[in-house]
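Model, not experiment: these values are computed from the prediction.
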Amino acid sequence: MISLSEQEIIRRNSLKRLRELGIDPYPAAEYPVNVLAEEIKNNYKADLNNYQEVCLAGRLMGQRIMGKASFAELQDSSGRIQLYVNRDELCPGEDKTFYNEVFKKLLDIGDTIGVKGFVFITQMGEISVHVRELVLLSKSLRPLPVVKEKDGVTYDAYTDMEQRYRMRYVDLIVNPHVKDTFVKRTRIINTMREMFNENGYLEVETPILQPIPGGAAARPFITHHNTLDMPLYLRIANELYLKRLIVGGFDGVYEFAKDFRNEGMDRTHNPEFTVMEIYVAYKDYKWMMEFTEQMVERVALALHGKTTVQLGDKVIDYKAPYPRVTMYEAIKTHTGYDIAGKSETELREICDKLGIETDPSMGKGKLIDEIFGEKCEAHYVQPTFIIDYPVEMSPLTKKHRDNPGLTERFELMVNGKELANAYSELNDPIDQRERFEEQLRLSEKGDDEAMFIDQDFLRALEYGMPPTSGMGIGIDRLTMFMTNNLSIQDVLFFPQMKPEPKRQETESSTEEFEAAGIPAGWAEVIKSIGYTTLGKLKEVDKHTKLHQDLCGYNKKNKLGLTNPLPDEVKSWIEAAGEDRS
RNA sequence: GACUCAGUAGCUCAGCUGGUAGAGCACAUCCCUUUUAAGGAUGGGGUCCUGGGUUCGAAUCCCAGCUGAGUCACCA
């Protein structure tokens, strides 16, 4: 048995009592809800006398019991509304049990109830539901954290991050702003989907289990397919599959995809995360920049009705268009070095001068990436496109039309972080093969993140892929930016956590104690005072102390058991030590 | 992976230089009987994260571990 807190025991007793009264605490029938709390509060007008036949359901979140009349708080999916409950209306006859016992005593905060009645305004001026009929729809057996709030000040807020993430359902019940974040997250996705569909692009699904984890540079999760007896990887990206579909003749395809990367976890990284990738044929990265800024602006408008969004202590303005800054310009602006045409050795020297650590496995691309990451990234708080990345760090990107050392790539930077990443896609199969081989060389040099070679993808390119631009955007990060959350865990319902430590170690059952000759009643007592297993019991040195503890517990808790003799206790300890297996 | 901080009642937290474990809310009983986080009174509730150590005595001091948060590193 798991030991229950006092409040849990009281609730279980209430449950039992409800059943005795003939009330099903978990009824099956549909409950005919016809309105939400928020709707009433927004639209009720006393002079219109509307909402006179309402039926709503939700969680009981507070009771102010005053005697023959009470007030309560009902919380449904839209918010809270006050209930007015009157004894003689709930119980019109002589029998006042339903009000006096069921409503006042057997209902608890957290129970799901349904009410029918009419809307009115109390003397205190609050829109409330005058309850004519009340039913229990689901009994709650655990006490909720009670959060109170007045004039925007929250009291006793439920703030323990570990518990909030582990028990998101509780978090969602008591912290309304959490729910709001997730509603906004879905609205972001819907807004994007709407825009893509308006453009005639096709939403598709591609494999999550991949034989070769391609399309990005990251350590994958690996699993095993039993029937095929082969390893499979959870995708780190879906890029190569979406491009195959462009080869297949679709003009535009997109996917909201869960990707998986077996790397560190922190405030901005979760092992599984959501990315939207879109590929459009006959477009280039310049077109994609316009498309992206319009999309982001549209998302901001859909969420906030304006383009400015608070983020920490900053205000980000998502109004399009965004500045285009080449990577070389960015580095020149923020370090003073012009790195155009510099060799690997020269770049390494520049890194040294800038105080950036390097190691021999780093190629040109990685070195430039380091300089940008260390010295430039953080400066781009307002949305900015960083464009024209060096070819070494962009193995899937078409070479720049004017400068073969660069690629046609952009990243959208917001608040000093990468939000989106896009290219004119590399569709020259021979160039692509060479780039993969270069990655392979990097990997042999020690870069464990260089890309794998996907032969089938190369074959697809050899059939010919139209010129295409593709873009990927981190949905979690976008949601963080758009909802003013600084941690990815706040925009994921169920962020990855370490397993919860086992709270209850294995206990010997009462039967096992009985087998050792200990009466069941005393076995419970012995377990209650900490000797939860026979193994622990046999370690007891002084049987006289145990004897006293047992008798003391019996007395204190008024169990009414007949106290054992000290020698009996001694024999129990000895019996516990015998091996009966 | 390194460092810093934290873990005490269902929730939020106090607990000093080591000496009987505290408050508010929640819960229970009673009183009141149209209230707005909190009407009044009384009461119950604890593996002080775990395991060692020091000590006559540890929530408190020391060591190790677990979990979480933060900073950095690694990494998109």
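You'll find that the side chain of A/Thr159 is closest to B/U12, out of B/U12, B/A28, B/A26. Nearest to the side chain of A/Gln123, among B/G68, B/C27, B/U34, sits B/U34. If you check B/C25, B/C75, B/A28 against the side chain of A/His269, the one that comes closest is B/C75. Minimum atom distance to the side chain of A/Glu162 is reached by B/G68, of the listed B/G68, B/A73, B/G10. The side chain of A/Glu6 lies closest to B/G45, out of B/U36, B/A26, B/G45. Here the side chain of A/Tyr158 is nearest to one of B/G10, B/G45, B/U12, namely B/U12.
B/C30 and B/G10 have their P atoms separated by 24 Å, given to the nearest Å. The same atom, P, is picked in B/A23 and in B/G15; the two are 15 Å apart, to the nearest Å. B/G57 and B/A21 have their C1' atoms separated by 15 Å, with the value rounded to a whole Å. Comparing B/A69 with B/U12, their P atoms sit 15 Å apart, to the nearest whole Å. Spacing between B/U4 and B/C16 at atom P, rounded to whole Å, works out to 22 Å. B/G70 and B/G18 are spaced 33 Å apart, taking the P atom of each and rounding to whole Å. Separating the P atom of B/A28 from that of B/G65 is a span of 44 Å, rounded to the nearest Å. Spacing between B/U50 and B/C11 at atom P, rounded to whole Å, works out to 15 Å.
Remark: C1' of B/G45 and CD1 of A/Ile9 are 10 Å apart, rounded to the nearest angstrom. A straight line from CZ of A/Arg11 to C1' of B/A28 spans 13 Å, rounded to a whole angstrom. The interatomic distance linking A/Glu101 (CD) with B/C30 (P) rounds to 11 Å, in whole Å. Taking atom CG of residue A/Asp369 and atom P of nucleotide B/C74, one finds them 12 Å apart after rounding to whole Å. In this structure, A/Tyr165 places its OH atom 12 Å from C1' of B/G70, rounding to the nearest Å. Rounded to an integer number of Å, the gap from CZ of A/Arg64 to C1' of B/A38 is 11 Å. Rounded to whole angstrom, the span from the CG atom of A/Leu141 across to the P atom of B/C27 amounts to 15 Å. As a whole-Å value, the separation of A/Arg267 CZ from B/A73 P is 13 Å.
Side chain to side chain, A/Glu408 and A/Ser424 meet the donor-acceptor criterion of an N or O pair below 3.5 Å. In summary, the side chains of A/Arg409 and A/Ser394 do present a donor paired with an acceptor at a separation below 3.5 Å, with no hydrogens or angles considered. Judged by distance alone, the side chains of A/Tyr285 and A/Thr407 never bring a donor and an acceptor atom under 3.5 Å apart.
Nearest heavy-atom pair across A/Asp266 and A/Ile488 is O-CG2, 3.9 Å. A/Met413 and A/Glu418 get closest at one heavy-atom pair: CE-N, 3.8 Å.
For the OP1/OP2 pair of B/U36 and a distance below 4.0 Å, the side-chain nitrogens and oxygens of A/Gln82 include no atom meeting the criterion. Neither OP1 nor OP2 of B/G68 sits under 4.0 Å from any side-chain N or O of A/Arg164. Neither OP1 nor OP2 of B/U67 sits under 4.0 Å from any side-chain N or O of A/Arg166. For B/A69, the OP1/OP2 oxygens have a side-chain nitrogen or oxygen of A/Gln489 closer than 4.0 Å.
Under the Watson-Crick and G-U wobble criteria, each requiring two contacts below 3.5 Å, nucleotide B/C11 is paired to B/G24. When both distances must be under 3.5 Å, the Watson-Crick or G-U wobble mate of B/G39 is B/C31. Summarising the base pairing, B/G44 is matched to no nucleotide, lacking a Watson-Crick or G-U wobble pair whose two defining distances lie under 3.5 Å. Using N1 to N3 plus N6-O4 or O6-N4 for Watson-Crick, or N1-O2 and O6-N3 for G-U wobble, each under 3.5 Å, B/U55 pairs with nothing. Shown here, B/G1 forms a base pair with B/C72; the pair counts as Watson-Crick or G-U wobble because both key distances fall under 3.5 Å.
The aromatic rings of A/Tyr99 and A/Phe103 lie parallel to each other, their planes meeting at an angle below 30°, with 60° marking the opposite boundary.
No contact: A/Thr268 has no heavy atom under 4.0 Å from any strand. The residue A/Asp160 sits close only to the backbone: its heavy atoms come under 4.0 Å of sugar-phosphate atoms, none of a base.
Residue A/Tyr84 places a side-chain atom within donor-acceptor reach of the base of B/U34, judged by atom type and a 3.5 Å distance cut-off alone. Contact of A/Thr122 with B/U35 (side chain to base): a donor-acceptor pair of N or O atoms is detected under 3.5 Å.
Judged by closest nucleotide on RNA chain B, A/Ser14 is the one of A/Ser14 and A/Ile65 placed further toward the 5' end. Both A/Phe71 and A/Phe273 sit near RNA chain B, but only A/Phe71 has its closest nucleotide nearer the 5' end.
Between A/Arg235 and A/Glu255, at least one side-chain nitrogen of the basic residue sits less than 4.0 Å from a carboxylate oxygen of the acidic one, meeting the salt-bridge criterion. Using a 4.0 Å cut-off between charged side-chain N and carboxylate O, A/Arg17 and A/Glu20 make a salt bridge.
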